[in-house]
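These notes concern the structure reproduced below.
Residue numbers begin at 1 in each chain, while the letters A, B, ... track the order of the sequences.
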Number of protein chains: 2
Amino acid sequence: MEKNDPITITLTDRLFDTIQRAIVEGEIPSGSKISEPELARQHGVSRGSLREAIGRLEARKLVERKPNLGARVVTLSYEQLIEIYQVREALEGMAARLAAQNMSDKEIEELQLLLDQHGRQIEEQHGEAYFQKQGDLDFHYRIVQGSKNHHLIGLLCNDLYHLLRMYRYQFGMRSKRSSQAYDEHHYLLNAISSRDPEMAELLMRQHIRSSRRNVERMLLEN
Amino acid sequence: MEKNDPITITLTDRLFDTIQRAIVEGEIPSGSKISEPELARQHGVSRGSLREAIGRLEARKLVERKPNLGARVVTLSYEQLIEIYQVREALEGMAARLAAQNMSDKEIEELQLLLDQHGRQIEEQHGEAYFQKQGDLDFHYRIVQGSKNHHLIGLLCNDLYHLLRMYRYQFGMRSKRSSQAYDEHHYLLNAISSRDPEMAELLMRQHIRSSRRNVERMLLEN
DNA sequence: GCGATGAATATTGTCGACAATATGAGATAT
DNA sequence: ATATCTCATATTGTCGACAATATTCATCGC
C-alpha cells in the first residue's frame with residue numbers, strides 16, 4: 001500500500017510563496033519596510049500567519065528583521081551579489097563533482113537532450129536571451145539535483161536560487177553570452193558523462209566565474 | 001552620538017536558543033516528536049511564540065515539520081553526516097581561499113598566536129582531545145570570519161555549525177588525531193600568511209576530507 | 001481473533017485582543 | 001529657530017481561544 005502523504009498546503013505556505021514572488025519581482029521594493037498590519041489586511045489574513053511567512057523569508061535572506069522595529073526587504077548591493085557568486089562557485093562546483101559520480105546514465109542522457117535543444121534554440125532565434133536564461137537555470141538545476149546531496153540541493157535550489165532570481169529581475173541582468181554559456185555547458189556535460197569529477201568541478205567553477213565577470217562588466221556600465 | 005541600537009532579546013529568541021541547545025545536546029532525542037502544547041507549558045510560554053522558534057529551528061534543519069502532523073527533531077544518519085562534510089568542504093575551502101586574500105595582517109598574527117597556544121596544549125596534556133576539539137572550532141571559525149563574505153559566514157557559523165555540533169555530541173565524535181590536525185592547521189596558516197589563495201583552499205579541503213575519513217572510520221567501528 | 005467504521009480526544013492551524021515598545025507631533029525652554 | 005521633553009498614536013511581541021485536521025479507541029461485522 002502506498003502511503004501517499006496527502007500534501008496539504010497551509011495558509012502560511014501560500015503567503016510565503018506569494019510574498020516571496022512579490023519581493024523577487026520587485027513588487028515590494030527592495031529596502032522598503034514591511035508593515036505587518038497592512039500586509040495582513042491586503043491578503044485578508046491574520047498577523048500570526050503573516051509573521052510565520054515573514055520568518056521564513058528572513059531565513060532565506062530576502063528580508064531582514066530587527067526586534068521591535070519590524071522587517072525590511074533586503075537591500076540589494078553589488079558587494080552582496082559578488083558574495084553570492086562566490087558561494088555559488090563553491091557549492092555548484094561541488095555539485096558538479098558529485099554529479100559526475102552520482103548521476104544515472106539516464107539522467108545524463110536526458111541532460112544531453114536538453115542541451116541539444118538549447119543549441120537549436122540559439123541557432124534559430126539569434127540572441128533571444130530569455131529562453132537561454134531559463135535554459136541556463138534548467139541546466140544548472142539538473143546538475144545540482146544530480147549531486148544527490150540533499151543539503152546541497154536545499155541550499156542551492158531553495159536558499160540561493162530565489163535571491164539570485166531577485167538580482168536578475170531587479171538589476172535587469174540579461175546575459176549577452178548565451179552561445180559562450182552553451183559551449184561551457186557542453187564541455188561540462190562531457191566531463192560528467194566521462195565520469196571525471198575533478199574536471200567537472202573545475203569547469204563548473206570556471207563557468208560561474210565567467211558568469212560573475214560578465215555581471216561585473218554589466219554593472220560597471222551602470 | 002553613537003546610535004547604539006539597544007539589542008533587545010525577544011522571547012522567541014530565548015526559546016530558540018534554549019531549544020536549539022536541548023536538541024543539539026540530545027536532551028530532546030533525535031527523531032522524537034515535538035508536542036507544541038507540552039513544550040509551551042514546560043517553558044511557560046504561549047504556543048505562538050513557540051511556533052516561531054520551531055520555525056527557525058526548521059530553517060536550520062534541526063527539526064522537520066509536516067503540515068497538520070507537527071514537528072520532529074531531525075533524524076541523524078551516516079549519509080546525512082557525509083553530505084554535511086561535502087558541503088563543508090566546498091564552503092570552507094572557499095572561505096580559506098578568501099581568507100588568504102582578505103584577512104588583515106593583524107588577524108593573521110592573532111591566528112598564529114592561537115595556533116601556538118594549541119601546540120603547547122597538545123604537548124602538555126597528551127591527547128586531551130576536548131580542548132583541541134574546541135580549538136579546532138576556534139581555528140576554523142576565525143578563518144571563516146576572515147573570508148569577509150557575510151553569506152559564507154552565515155551559512156557556516158549559523159546553519160551548518162549547530163548541525164555538526166549535534167552530530168559531535170550524539171555520535172560521541174572525539175578526534176584521535178589532534179596532533180595531525182594541528183599540523184594541517186599549521187600548513188594552512190602558512191598558505192594564508194603567504195597570501196596564496198589557491199594553496200589555502202587546497203589545504204583546507206584536504207584537511208576537511210581527512211576529518212571526514214576519520215569520522216567514517218570511527219563510525220565503521222560502531 | 002482481525003480488520004473496518006465511527007465517535008471521542010488531542011494536536012495543529014488560524015484568528016483577534018492585549019501588552020510592550022517605537023514613532024511622530026506639539027509644546028516648552030534656550 | 002533649534003533642541004528637548006511629553007504625550008498621543010502606531011507597530012511589534014505575546015497571549016488565549018476557536019476551527020480544522022489527525023489520532024485513539026471502542027464497537028461492529030466477519
Side-chain angles (χ1 to χ4, degrees), chain A residues 1-20 22-23 28-75, chain B residues 1-20 22-23 28-75:
Chain A
M1 168 82 107
E2 278 292 319
K3 182 77 176 208
N4 233 349
D5 39 349
I7 308 162
T8 58
I9 299 294
T10 177
L11 178 51
T12 301
D13 290 335
R14 266 200 304 277
L15 274 175
F16 173 63
D17 288 341
T18 305
I19 301 175
Q20 172 168 257
I23 289 179
I28 305 177
S30 149
S32 70
K33 181 167 176 359
I34 294 180
S35 161
E36 291 184 3
E38 189 183 334
L39 250 192
R41 191 186 49 72
Q42 283 180 8
H43 293 267
V45 85
S46 121
R47 266 185 57 224
S49 308
L50 181 73
R51 281 173 64 87
E52 287 203 23
I54 293 181
R56 288 198 216 170
L57 292 170
E58 186 186 17
R60 287 204 178 168
K61 315 281 189 199
L62 291 175
V63 313
E64 286 170 350
R65 199 182 226 174
K66 288 181 182 174
N68 293 319
L69 295 184
R72 311 190 80 87
V73 178
V74 72
T75 301
Chain B
M1 170 77 110
E2 278 292 321
K3 183 75 176 210
N4 234 349
D5 41 347
I7 307 161
T8 59
I9 300 294
T10 178
L11 179 51
T12 300
D13 290 335
R14 265 199 304 276
L15 274 176
F16 173 64
D17 288 341
T18 305
I19 301 175
Q20 172 168 257
I23 289 179
I28 305 177
S30 150
S32 70
K33 182 166 174 359
I34 295 180
S35 161
E36 292 183 3
E38 188 183 335
L39 250 192
R41 190 185 49 72
Q42 283 179 7
H43 293 267
V45 85
S46 121
R47 264 186 59 225
S49 309
L50 181 72
R51 281 173 64 86
E52 287 204 23
I54 292 181
R56 288 198 216 169
L57 291 170
E58 187 186 17
R60 287 204 178 169
K61 315 281 189 200
L62 290 175
V63 313
E64 285 170 352
R65 199 182 227 173
K66 290 182 182 173
N68 293 317
L69 296 184
R72 312 190 78 87
V73 177
V74 73
T75 300

Can you spot which of A:Val45, A:Ile19, A:Leu15 makes a side chain to side chain contact (heavy atoms under 4.5 Å, CB included) with A:Leu39?
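So the option named by the test is A:Ile19.
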
Considering residues at least two apart in sequence or located in another chain, which fulfil the side-chain contact (heavy atoms from CB on, under 4.5 Å) criterion with [X]?
{"X": "B:Ser46", "value": "B:Ser49"}
{"X": "B:Thr18", "value": "B:His43"}
{"X": "B:Glu58", "value": "B:Val63, B:Arg65"}

Just do the side chain to side chain contact (heavy atoms under 4.5 Å, CB included) check on B:Gln20 and B:Ile23 with the steps written out, would you?
CA-CA 5 Å; B:Gln20 172 168 257; B:Ile23 289 179; 5.8 Å; no

To the nearest 0.5 angstrom, please state how far the CD atom of A:Glu64 sits from the CG atom of A:Leu69.
12.5 Å

What salt bridge (Lys or Arg N to Asp or Glu O under 4.0 Å) pairs are there with at least one residue in residues 42-57 of chain B, not counting sequence neighbours?
A:Arg51-B:Glu52, A:Glu52-B:Arg51, B:Asp13-B:Arg56, B:Glu36-B:Arg47, B:Glu36-B:Arg51

How would DNA chain C look in dot-bracket form, 5' to 3', counting Watson-Crick and G-U wobble pairs with both distances under 3.5 Å and writing | for bases paired to another strand?
||||||||||||||||||||||||||||||

Produce a footprint string for nucleotides 9-14 of chain D: one letter per nucleotide, 5' end first; B if the base is under 4.0 Å from any protein heavy atom, S if only the sugar-phosphate is, - if neither.
--SBBB

